[in-house]
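Down below is the structure, laid out as structure tokens.
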Amino acid sequence: MGDLKFGDAFDYAAAPETTPVPLQKQYELFLDGEFVAPSSGKYFWSVNPSNGKRHARIARGEEKDVDAAVRSARKAYEKVWGPMAPAERGKYLYRIARLIQEKARELAILETMDGGKPIKESRDVDLPLVAAHFFYYAGWADKLEYAFPGGRPEPVGVASQVIPWNFPLLMAAWKIAPALACGNTVVLKPAETTSVTAMHLAQIFQDAGLPPGVVNIVTGAGETGAALIDHPGVDKVAFTGSTAVGKAIAESVADTTKRLTLELGGKAANIVFEDAAIEQAVEGVINGIYFNQGHVCCAGSRLLLQESIHDDFIARLDRRIETLRVGDPLDKNTDIGAINSREQLGRITKLIGSGIEEGAELHESSAKLPEDGFWCRPSFFTGVSASHRIAREEIFGPVLSVLTFRTPAEAVARANDTCYGLSAGIWTDKGSKIFQVADQIRAGVIWANTFNKFDPTSPFGGFKESGFGREGGLQGLRPYVQLG
Ligand code: NAP
Ligand code: MG
């Protein structure tokens, strides 16, 4: 082994998850409280991104199924869930939260198998937050008049919710829990590449005795999502995903009375001042971009470094990315799992190519990648200018773009030089600088001396092309109530 110095990378023994996995061969639609075959009889494959193998068949819901789901949700809203005493609704949500906790380990494994994220993230971040969201909103169910004093909150009706593949269960929880707490019913469309855990969540709804139709889940492609959003029986649309699809949705609901909230892309600045605790900032920057392979809308994908610390910081980042363990997402030691899909890997690779072409310098880990499946080494670019595509477009992968600044004013100008406004990070030892800079950054979430911290009590959402409306916290109730 030679002389091992503190901080050297060394090999761990493999530590794969050993819990048996309850993956089914085939998943049906969840309509009116039952698991039913799609009207078309068609299915599509979900792939395990860590080996590229098809591992489950998913029902392809079409317009007819969407229509059945919306009708079921309407009936449940009018006959059961709407009229139910709020405290009773809360009891269902508590029961769901407890069942999620009980099944957390197997749900985490499924999330990792179907989506590619490391088990330590699905187990320690995603699942605890999923349960916490249901617990949190369960608590609000019978206290809505305190959330909106004097407002006499009423539910909105039937909500159609379309979610992405980066946090499949967590996005489902963010959407479903506040909707139900306020007395609405739901039709949810998971992302094509990550439908498996949504169907296990449906099983939990059934096990909890949630009345039929309160939540319906229709799996399928983009057209299924479009059919759901365009359905005339829907009162409220909630979407998380790409800005392009978000804009199309905004157009399609523009001449209706449907309410809309959009949570779209981001290109967050993570700003490190020379007076920051440097080692801590390095860890924060690493977590900010490589968490969940960078499949994070609020990822700190633009690192803004104060010029005086640039060379030292880059040297530390070079060393740190070498120690990140890339590989089997089910291994408990893995830091960077698989890219969610071949398509996403293609998008990331293209943008890395554009960075090289436009003259930025690529720093890449030398990690050996598994042969099968979809993989991308953690990397970052130096010598990036504000006009480069890698500084402007969402890469949604483990690729960081580094820019520099001299003064706080320049840092603010650079941070705001984007069409997005979802999140930002500030690293400094000086509290007054945190407030001064945070006040001037147009972003919905700003972390100070930390990054990618989530909590159900805290609202999340964007400015500008990152969308509108808030999820989480008391603010997350607002899209799901009408005030009389
Ligand atoms: P996307 O197309 O916006 O997908 C998000 C969700 O919308 C999925 O459930 C998708 O279904 C559905 N969908 C697609 N077209 C639709 C339409 N016309 N009407 C209604 N629903 C529709 O995102 P993507 O193609 O998976 O990813 C592309 C890029 O979007 C990424 O590279 C990333 O930059 C960004 N992104 C952002 C977020 C975020 O959290 N803000 C999340 C994911 C992706 P299918 O899965 O069946 O297509
Ligand atoms: Mg999959």
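Note that ligands are numbered from 1 as they come in the structure, with each ligand's atoms numbered from 1 the same way.
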Does the side chain of [X] pick up a donor-acceptor pair with the side chain of [Y] at under 3.5 Å?
| X | Y | value |
| --- | --- | --- |
| Arg57 | Gln26 | yes |
| Lys64 | Ser40 | no |
| Glu393 | Tyr420 | no |
| Asn340 | His295 | no |
| Thr193 | Ser341 | no |
| Gln203 | Asp207 | yes |
| Asp230 | Ser252 | yes |
| His388 | Ser401 | no |
| Glu465 | Thr243 | no |
| Gln344 | Arg347 | yes |

N/O separation below 3.5 Å, [X] to ligand 1:
| X | result |
| --- | --- |
| Val245 | no |
| Thr240 | no |
| Gly222 | yes |
| Thr193 | no |
| Ile229 | no |

So which heavy atom in the protein is nearest [atom], and how far is it from that ligand atom?
| atom | value |
| --- | --- |
| atom 10 (C) of ligand 1 | Lys189 NZ, 3.9 Å |
| atom 34 (O) of ligand 1 | Glu394 OE1, 2.8 Å |
| atom 44 (C) of ligand 1 | Phe396 CE2, 3.7 Å |
| atom 27 (O) of ligand 1 | Arg347 NH1, 3.5 Å |
| atom 12 (C) of ligand 1 | Val162 CG1, 3.6 Å |
| atom 39 (C) of ligand 1 | Cys297 CB, 3.4 Å |
| atom 31 (C) of ligand 1 | Gln344 OE1, 3.7 Å |

Under a heavy-atom criterion of less than 4.0 Å, does [X] contact ligand 1?
| X | value |
| --- | --- |
| Phe239 | yes |
| Ala221 | yes |
| Ser341 | no |

With sequence neighbours excluded, residues passing side chain to side chain donor-acceptor pair (under 3.5 Å) with Trp447: none
Could you work out, for atom 3 (O) of ligand 1, the closest of Ala226, Ser242, Cys298 by heavy-atom distance? Ser242
With backbone taken as N, CA, C and O and side chain as the heavy atoms from C-beta onward, which portion of [X] lies under 4.0 Å from ligand 1: side chain, backbone, both, or neither?
| X | value |
| --- | --- |
| Ala244 | neither |
| Asn166 | side chain |
| Ile163 | backbone |
| His295 | neither |
| Glu343 | neither |

Report the C-alpha distance between Phe396 and Trp165 in whole Å, list the side-chain angles of each, state the deciding distance to 0.1 Å, and finish with yes or no for ring pair (Phe, Tyr, Trp, His ring centres under 6.0 Å). CA-CA 11 Å; Phe396 227 64; Trp165 41 261; 5.3 Å; yes
Could you tell me whether Asp372 and Lys53 have a side-chain N and a carboxylate O separated by less than 4.0 Å? no
Could Glu471 and Lys175 be called an ion pair, given the rule that one side-chain N must be under 4.0 Å from one carboxylate O? yes
Less than 4.0 Å between atom 41 (N) of ligand 1 and some protein heavy atom, yes or no? yes
Which atoms of ligand 1 sit under 4.0 Å from any heavy atom of [X]?
| X | result |
| --- | --- |
| Pro190 | 9 (O) |
| Trp165 | 24 (P), 26 (O), 27 (O) |
| Leu264 | 41 (N) |
| Ala191 | 9 (O), 46 (O) |
| Gly220 | 47 (O) |
| Pro164 | 42 (C), 43 (C) |
| Glu192 | 45 (P), 46 (O), 47 (O), 48 (O) |

Does Glu121 use its side chain to pair, donor to acceptor, with the backbone of Asn292 at less than 3.5 Å? yes
Here the pair of heavy atoms bringing Pro168 nearest to Thr194 is CG-CB, 3.5 Å
When the ring centroid of Tyr92 is compared with that of Trp81, is the distance short of 6.0 Å? yes
